[in-house]
Amino acid sequence: MIKNKLKDKLKNGDTAIGTFVMCNSPEIVEIVGITGFDFVVLDTEHGPLSIESTQNLIRAAEVRGITPITRITESSETTVLRSLDVGAYGIQVPQVNDAHTASEIVKFSKYYPKGIRGIAMPRSGDYGNVDVSKYIENANDETIIIVHCENKQSLDNLDEIAKVPGIDVIFLGPYDMSQSLGIPGQVNHPYIQEAAQRVIKVCRQNGIAAGTFVGNGEEARKKAEQGFQYIIMGMDVTLFSNVCKYEISRAKSKEF
């Protein structure tokens, strides 16, 4: 059974920093843990990862004491169920645009009496080597649910979404939000800053954490100072690309 350090950290009002992983590489997940990130988000929405591969990446996260979250492709009952059954400590769900969708996600993620998640003895239940009632109680308490606010419809319905019991984090997706607001890619535009302030305000009013995405450490620090607690900094491919560009520029700064 799990102990979700990320959920505890957010409840205590602390800031947690993670990153997206798109590559099917346990080594990358381990490095993310070793280097000091609080959590890793296994990205099945934009990357090629399957349920099978996320299960192995979750194992790698657990080895290094880092919280594994899966960003799922969509909010259907089967997708939610399978992602949690292979061992994810929580799910991050794109395009959650109204309270009904948020409520369904919670219902699919939790066992009775909080939801209707199907009972089996998968990896998350230690393959049956655990007391079922204790496992269900633990899963209901420790599973973290993050929903995306990434378009105008979601922003308009934010108050109702935040009031749904069981939602732990509302995550502002700045790039998709910029597209929805007619300013694609302009994530520093005043419209996005207004959206960020609204997400922070509504989350505070409802006792949940505000989350967002940034590209680097300096931006992460600024977002933390602004009031975001759940901050995803880059992704494996961009972090690696940045290091490669930096080091090759240093190597070629003078003629050989």
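Along the sequence shown, residues are numbered consecutively beginning with 1.
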**OP:** Determine whether Met235 and Val21 fall in the same hydrophobic cluster, where Ile, Leu, Val, Met, Phe, Trp and Tyr are linked whenever their side-chain heavy atoms lie under 4.5 Å apart.
**Re:** no
Subject >> Joint cluster assignment, Met121 & Ile136, ILVMFWY side-chain distance < 4.5 Å >> reply: yes
Subject >> Residues that Lys201 engages under salt bridge (charged side-chain N to carboxylate O under 4.0 Å, His left out), provided they are two or more places apart >> reply: none
**OP:** Answer yes or no: does atom CD of Gln179 have more than 12 heavy-atom neighbours from other residues, nucleotides or ligands under 6.0 Å?
**Re:** no
Subject >> Separation between CD of Gln55 and CZ of Arg123, rounded to the nearest 0.5 Å >> reply: 6.0 Å
**OP:** Would you kindly confirm whether Tyr230 and Phe213 end up in one hydrophobic cluster when ILVMFWY residues are joined by side chain heavy atoms under 4.5 Å apart?
**Re:** yes
Subject >> Stepwise ring pair (Phe, Tyr, Trp, His ring centres under 6.0 Å) test for Tyr135 and Tyr111 >> reply: CA-CA 10 Å; Tyr135 160 65; Tyr111 295 108; 5.6 Å; yes
Subject >> Lys5/Asp14 ion pair, N-O < 4.0 Å >> reply: no
Original post:
Do side-chain atoms of Asp168 reach the backbone of Ile146 as a donor and acceptor pair under 3.5 angstrom?
Top reply: no
Original post:
So, Asn157 side chain and Asn97 main chain: donor-acceptor pair closer than 3.5 Å or not?
Top reply: yes
Subject >> Distance-minimising heavy-atom pair for Phe37 and Leu239 >> reply: CZ-CD1, 4.3 Å
Subject >> Flag, side chain of Ser253 to backbone of Arg250, donor-acceptor distance under 3.5 Å >> reply: yes
Original post:
Roughly how far, to the nearest 0.5 Å, is the CD1 atom of Ile72 from the CZ atom of Phe108?
Top reply: 10.0 Å
Subject >> Within 6.0 Å of CD in Glu137, more than 12 heavy atoms from elsewhere >> reply: no
**OP:** Count the heavy atoms of every other residue, nucleotide or ligand shown that sit under 6.0 Å from NE2 of His46, and state whether that count exceeds 12.
**Re:** yes
Original post:
Any side-chain donor paired with an acceptor under 3.5 Å for Asp98 and Thr101?
Top reply: yes
Original post:
Is the shortest distance from a Lys or Arg side-chain nitrogen in Lys3 or Asp8 to a carboxylate oxygen in the other one below 4.0 Å?
Top reply: yes
Original post:
More than 12 foreign heavy atoms under 6.0 Å from CZ of Arg59: is that the case here?
Top reply: yes
Subject >> Note, Ile105 side chain near Val96 side chain (heavy atom, < 4.5 Å) >> reply: yes
**OP:** Could you tell me whether Tyr127 atom OH has more than 12 heavy atoms of other residues or ligands within 6.0 Å of it?
**Re:** yes
Original post:
Ile208 and Ile170: side chain to side chain contact (heavy atoms under 4.5 Å, CB included), yes or no, with the steps?
Top reply: CA-CA 8 Å; Ile208 59 179; Ile170 293 179; 3.9 Å; yes
**OP:** Please name the pair of heavy atoms, one in Ile192 and one in Leu181, separated by the smallest distance, quoted to 0.1 Å.
**Re:** CD1-CD1, 4.1 Å
Subject >> Asn138 side chain to Lys134 backbone, donor-acceptor under 3.5 Å >> reply: no
**OP:** Would you give the length of the straight line joining atom CD1 of Ile144 to atom CD1 of Ile91, rounded to the nearest 0.5 angstrom?
**Re:** 10.5 Å
Original post:
Between the side chain of Glu150 and the main-chain N/O of Asp176, is any donor-acceptor distance below 3.5 Å?
Top reply: no
Original post:
Between Glu104 and Lys110, is there a side-chain N and carboxylate O pair less than 4.0 Å apart?
Top reply: no
**OP:** Could you give me the CA-CA distance, side-chain angles and deciding distance for Phe171 and Ile232, then say whether side chain to side chain contact (heavy atoms under 4.5 Å, CB included) is met?
**Re:** CA-CA 10 Å; Phe171 179 85; Ile232 298 179; 3.7 Å; yes
Original post:
Is any NZ, NE, NH1 or NH2 atom of the basic residue among Arg117 and Asp85 found under 4.0 Å from an Asp or Glu carboxylate oxygen of the other?
Top reply: yes
Original post:
Should Arg71 and Asp43 count as an ion pair when the cut-off is N to O under 4.0 Å?
Top reply: yes
Original post:
Can you tell me how far CD of Glu219 sits from OG1 of Thr212, rounded to the nearest 0.5 angstrom?
Top reply: 9.5 Å
Original post:
Quick check: does any side chain N or O of Ser53 sit under 3.5 Å from a backbone N or O of Leu49, one acting as donor and the other as acceptor?
Top reply: no
Original post:
Any salt bridge between Glu225 and Lys222, counting N to O under 4.0 Å?
Top reply: no
Original post:
Are the ring centres of Tyr89 and Phe39 closer than 6.0 Å?
Top reply: no
**OP:** Output yes when a side-chain donor or acceptor of Asn151 lies under 3.5 Å from a complementary backbone atom of Ser154, and no otherwise.
**Re:** yes
Subject >> Approximate separation, where rounding is to 0.5 Å, of Glu160 CD and Ser103 OG >> reply: 11.0 Å
Original post:
In Å and rounded to the nearest 0.5 Å, what is the CD to OG distance from Gln92 to Ser83?
Top reply: 12.0 Å
**OP:** Classify the side-chain pair Glu74/Ser76 by whether it contains a donor and acceptor separated by less than 3.5 Å.
**Re:** yes
Subject >> Close side-chain approach of Phe228 and Thr15, heavy atoms under 4.5 Å >> reply: no
Original post:
Is a side-chain donor or acceptor of Thr79 paired with a backbone partner of Ser75 at a separation under 3.5 angstrom?
Top reply: no
Original post:
Just by modelled atom types, is the Glu142 backbone N or O under 3.5 Å from a matching donor or acceptor in the Asn4 side chain?
Top reply: yes
Original post:
Hey, does Val237 have a side-chain heavy atom less than 4.5 Å from the side chain of Cys23?
Top reply: yes
Subject >> Stepwise side chain to side chain contact (heavy atoms under 4.5 Å, CB included) test for Asp141 and Lys114 >> reply: CA-CA 10 Å; Asp141 289 343; Lys114 296 181 178 181; 3.7 Å; yes
Subject >> Closest non-hydrogen atom pair between Gln205 and Asp159, with its separation >> reply: OE1-OD1, 4.3 Å
Original post:
Between the side chain of Thr143 and the main-chain N/O of Gly90, is any donor-acceptor distance below 3.5 Å?
Top reply: no
